[in-house]
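The structure appears right after this line, and notes come after that.
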Amino acid sequence: MARLNDEVGALLQEYADLILLTGGNAFRARSYEKAARSVGGYSEDLAHLDEEGIHKIPGVGDSTAAKIAEYLATKHIAALDKLRAQVPPGVREITSIPTVGPKTAVQLYRQLGIKSVDELRAAIDADKVKGLPGLGARAVENIRQGIDQVSRAGRRSLLSTALDLAEELVAAISEVPGCTRCAYAGSLRRMRETVGDVDILATARDSAPLMAALRDRPDVADVIGSGPTKTSVRTAKGLQVDLRVVPTADWGAALMYFTGSRAHNIKLRGRAVKAGMKLSEYGLFDVETGKKLASRTEKEVYAALGLPLIPPTLREDRGEIEAALDGELPDLVTLKDLRGDLHTHTDLTDGLAPLEAMLEAAAGLGYAYYAVTDHAPNLAMQRMTDDKMLAQRERARALDRTYHGMRVLHGTELNIDADGGVDWPADFLAGFDICVASIHSSFNLDRGAQTRRLIRACENPFINIIGHPTTRLLDRREPIDVDLDAVFAAAGRTGTALELNSSPHRLDLNDEQIMAARRHGVRFAVDSDAHSVPQLVGNQRFGVATAQRGWLGKDDVINTWSLTRLRRFLRKSAVRE
DNA sequence: GCCGTTTTCGGCCCGACTGTTTTCAGTCG
C-alpha cells in the first residue's frame, strides 16, 4: 500500500523542483529536497504523527512542518499551488530527461515556449534547439537520446508502483458486498520488473457493484470501457487497470489465463490439444464430450494437464513446463529463507537512519546477521574518511549481539574505479568483515574497459560481492556495455558473489542475467541496498521475486546460509592463498 | 529553509565529467 509518507515526499520534491524552475534560492530547494527524502524514508507513518512529531523528522523545520500539517488537514499546500501556476507541468517533466536539468528546461520554455517532452522532440526535429546558449550539436543529440530512453521506460511502470496500486485495489474490491474472491494477475503476479497494466480478477454473482467500485474511485481519471465482465480505467498517474469478474467456479482457469505469460499459456494449450482437451479462461474441457474437466483452482487445472502447480514467477516458457514434467521444478528461494542483508547504508553516508535504527529493524525481520556497508571515500559526495569508518566499526562491534542476538558485520560499499581499483589498499580492506564493490562512475567506458574493470574487481581478494553489476536504473539509465559472460566466469572462478539488488528501481542483475550467471557457478546475494528503514523492510520482496524468476534456490543465495558457512565464503580463500 | 562539538548566522555533499567554452556552467552521483 502506498504510504502517506511517500505521497507527501513527492509533493515536497515537486516543491523543490519548482523552486529551481522559478529561479528560487538553490539552498532553499535543497532543503526541501532533503526533507522530501527524509519524510519518504521516515520509519513512522505521518498519519500517526501530530505537529510536534512531524517537527522531529530530520530536515523538517517550522516551514516544512507547517506545509505538511496543511496538507494533512486540507489535502492542499497553497505555496505549492502558487508555484504550479507559474510553470507548466510539462516543463518539470522535461527535467526527467537525462542531461536536462532545471536551467536547460527553463531556457527551452522561455526562449522557445517548449512545455512538454513531445514539443521538445518536435523542436529538435525542426532544428530549432541547436544554437541556443550552451546547446551545441552534441548536447542536442544527447537530449534526443535521453528522450528516447525515457519514453521507452515511460510506457511501463515499476513493479513496486503497480503493486502498491494493485494491493490497494484488491483490498477495496474485496470489501464490496458480493465479492467472493479477488486477486491481481498478469505480469504483476509473475513479478516482472516493469508492468504495462494492472490486471485484477474477482468472482461475484453480480459483477455490477464491483465494476462501479472501480469506476468511482477518486484516482480514476478515465473510464476506457465498462461492461458486465470487464472494466478498463486509466488512473490519474496514467496506469491502465483492467478488472475482470468471472463465476466462482472458473476462478482457477481464469487466474491462469490472465496471469500468463502468453507463451506459457500457448504451450499449455498445445499440451491440452495433444491430449484431446481444450484450455481456455473458462476451464479445461474434453474436446469430444465438451465436458468441463477442471477450472475451480489453478492446482486442479495443472493437475488435469498432468502437471504440478507451477509458481507464477516461473511462467515465462523458459523450460518450466518441461521441468515440471520431469519433476525437476526448482525449489525456489523465498523471503522467509533470508537470514540477513549484506548491503545496507546508514546516515553516516547517504542513508537516512542511524545504525541503531537499521539494526533494530533488521532484528525485527528475524535476521540472524546484518552487514552495514556504507559508502567509501572515492564517492566524494559522501565525505567518508578512514576515521569515520573505524569509529563506525567500533560502534558495530559494541552493538553486535545486542539486538536479539543478531550478529553485526562491518563492511563497506567500495567504488570500482575505471581501472577496476577500489578506495582502499589491502591492509585497510582486510579490517572489514565484508566488502561490496560497485560501479558509481565512468558509465560510458567501452565494452572492453568495462569488462576488464569488473573482472579485476572480482579478482580482488577482499571483494566479496559485486553490487548492482550493470548499474542500470529502470526508469532512468541504461545498463553499462559489458561482456557479462566474461564477468560471470570471473565471479564463478574467484568465489565472488554477484548482487541481486532488490531496489525496485534497479533489480540488478535481472532474471535472465541470473540464469546465465548461475550456469557459471556464480553465487548470489539478494540485498536491499536499503538507505532507510522502509527500504530495508520493503525491498527484499522484489529481489526474492526476481531471484525466483531467475530460478534460484535457497542454496544459490549466500544470505540464506548460516553465518558459519557465509564467513567461510567471505574468506575467499581460494584466491587469497 | 534547516541547523548547531562551526549554535541564532553563515554555511549548506564535493568533485568529476561533458560539452561548451577560451575560463565555465550544468548535470550527475
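Within every chain, numbering begins at 1; the chains are lettered A, B, ... in the order of the sequence lines, protein sequences first and strands thereafter.
For residues 87-98 of chain A, the side-chain hydrogen bond (donor to acceptor under 3.5 Å, both in side chains) pairs, not counting sequence neighbours, are A:Asp17-A:Arg92. Screening residues 102-129 of chain A for side-chain hydrogen bond (donor to acceptor under 3.5 Å, both in side chains) gives A:Arg121-A:Asp148, A:Asp125-A:Arg144 as the qualifying pairs, with residues at least two apart or on separate chains. Residue pairs satisfying the ring-ring contact (aromatic ring centres under 6.0 Å, His included) criterion with at least one member in residues 464-493 of chain A, sequence neighbours excluded, are listed as follows: A:His440-A:His468.
Contact check, A:Arg383 against B:dC14: a side-chain N or O comes under 4.0 Å of OP1 or OP2. Contact between the side-chain N/O atoms of A:Arg476 and the OP1/OP2 oxygens of B:dC28 is found at a separation under 4.0 Å. Between A:Arg477 and B:dC28 there is no side-chain N or O to OP1 or OP2 distance below 4.0 Å.
A:Phe27 comes within 4.0 angstrom of a nucleotide base, judged by non-hydrogen atoms across all strands. Residue contacts for A:Phe443: at a heavy-atom cut-off of 4.0 Å it reaches the sugar-phosphate backbone alone, with no base atom in range.
For A:Glu70, the salt bridge (charged side-chain N to carboxylate O under 4.0 Å, His left out) criterion is met by no residue, not counting sequence neighbours. Partners of A:Asp219 under the side chain to side chain donor-acceptor pair (under 3.5 Å) rule, at least two apart in sequence or in another chain, are A:Arg217. The side chain to side chain donor-acceptor pair (under 3.5 Å) test applied to A:Glu33 returns no partner, not counting sequence neighbours. Contacts of A:Ser503 classified as side chain to side chain donor-acceptor pair (under 3.5 Å), with partners at least two apart in sequence or in another chain: none. Applying the ring pair (Phe, Tyr, Trp, His ring centres under 6.0 Å) criterion to A:Tyr32, with sequence neighbours excluded, gives A:Tyr15.
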Using a cutoff of under 3.5 Å, can you pull out all pairs of nitrogen or oxygen atoms linking the protein to nucleotides 20-24 of chain B, with atom names and distances?
unit_1	atom_1	unit_2	atom_2	d
B:dT20	OP1	A:Gly136	N	2.7
B:dT20	OP1	A:Gly136	O	3.2
B:dT20	OP1	A:Ala137	N	3.4
B:dT20	OP1	A:Ala139	N	3.2

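Looking only at distances, a side-chain donor or acceptor of A:Asp423 sits under 3.5 Å from a matching main-chain atom of A:Asn378.
Between A:Leu21 atom CG and B:dG26 atom C1' the separation is 14 Å, expressed in whole Å. A straight line from CG of A:Asp423 to C1' of B:dG15 spans 14 Å, rounded to a whole angstrom. Nucleotide B:dC17 holds its C1' atom 12 Å from the CG atom of A:Leu445, rounded to whole Å. Nucleotide B:dG26 holds its P atom 12 Å from the CG atom of A:Leu20, rounded to whole Å. The separation between A:Gln145 atom CD and B:dT27 atom C1' is 16 Å, rounded to whole Å. Summarising the geometry, the separation between CG on A:Leu379 and P on B:dC17 is reported as 13 Å, rounded to the nearest angstrom. Atom pair A:Glu33:CD and B:dC2:C1' shows a separation of 14 Å (rounding to whole Å applied).
A heavy atom closer than 4.0 Å to some atom of DNA chain B occurs in A:Gly59, A:Val60, A:Gly61, A:Asp62, A:Ser63, A:Thr64, these being the qualifying members of residues 59-68 of chain A. Listed by residue number, there are no residues of residues 39-53 of chain A with a heavy-atom contact under 4.0 Å to DNA chain B. Within residues 98-107 of chain A, the residues having any heavy atom closer than 4.0 Å to DNA chain B are, in order of number, A:Pro98, A:Thr99, A:Val100, A:Gly101, A:Pro102, A:Lys103, A:Thr104.
Salt-bridge formation is detected for the pair A:Glu356/A:Arg395: a Lys NZ or Arg NE/NH1/NH2 atom is positioned less than 4.0 Å from an Asp or Glu carboxylate oxygen.
Across all strands shown, nothing is found opposite B:dT8 as a Watson-Crick or G-U wobble partner with both distances under 3.5 Å.
For the pair A:Arg477 and A:Phe443, the cation sits on the ring face: its NZ or CZ lies under 6.0 Å from the ring centre, inside 45° of the axis.
Checked against the 6.0 Å centroid criterion, the rings of A:Trp424 and A:Phe462 do not qualify as a close aromatic pair.
More than 12 heavy atoms of other shown residues, nucleotides or ligands fall within 6.0 angstrom of atom CD in A:Gln13.
Ranking B:dC2, B:dC14, B:dT18 by closeness to the A:Asn142 side chain, first place goes to B:dT18.
Among the candidates A:Leu355, A:Asn539, A:Leu359, A:Val372, the single residue satisfying the side chain to side chain contact (heavy atoms under 4.5 Å, CB included) test with A:Thr344 is A:Val372.
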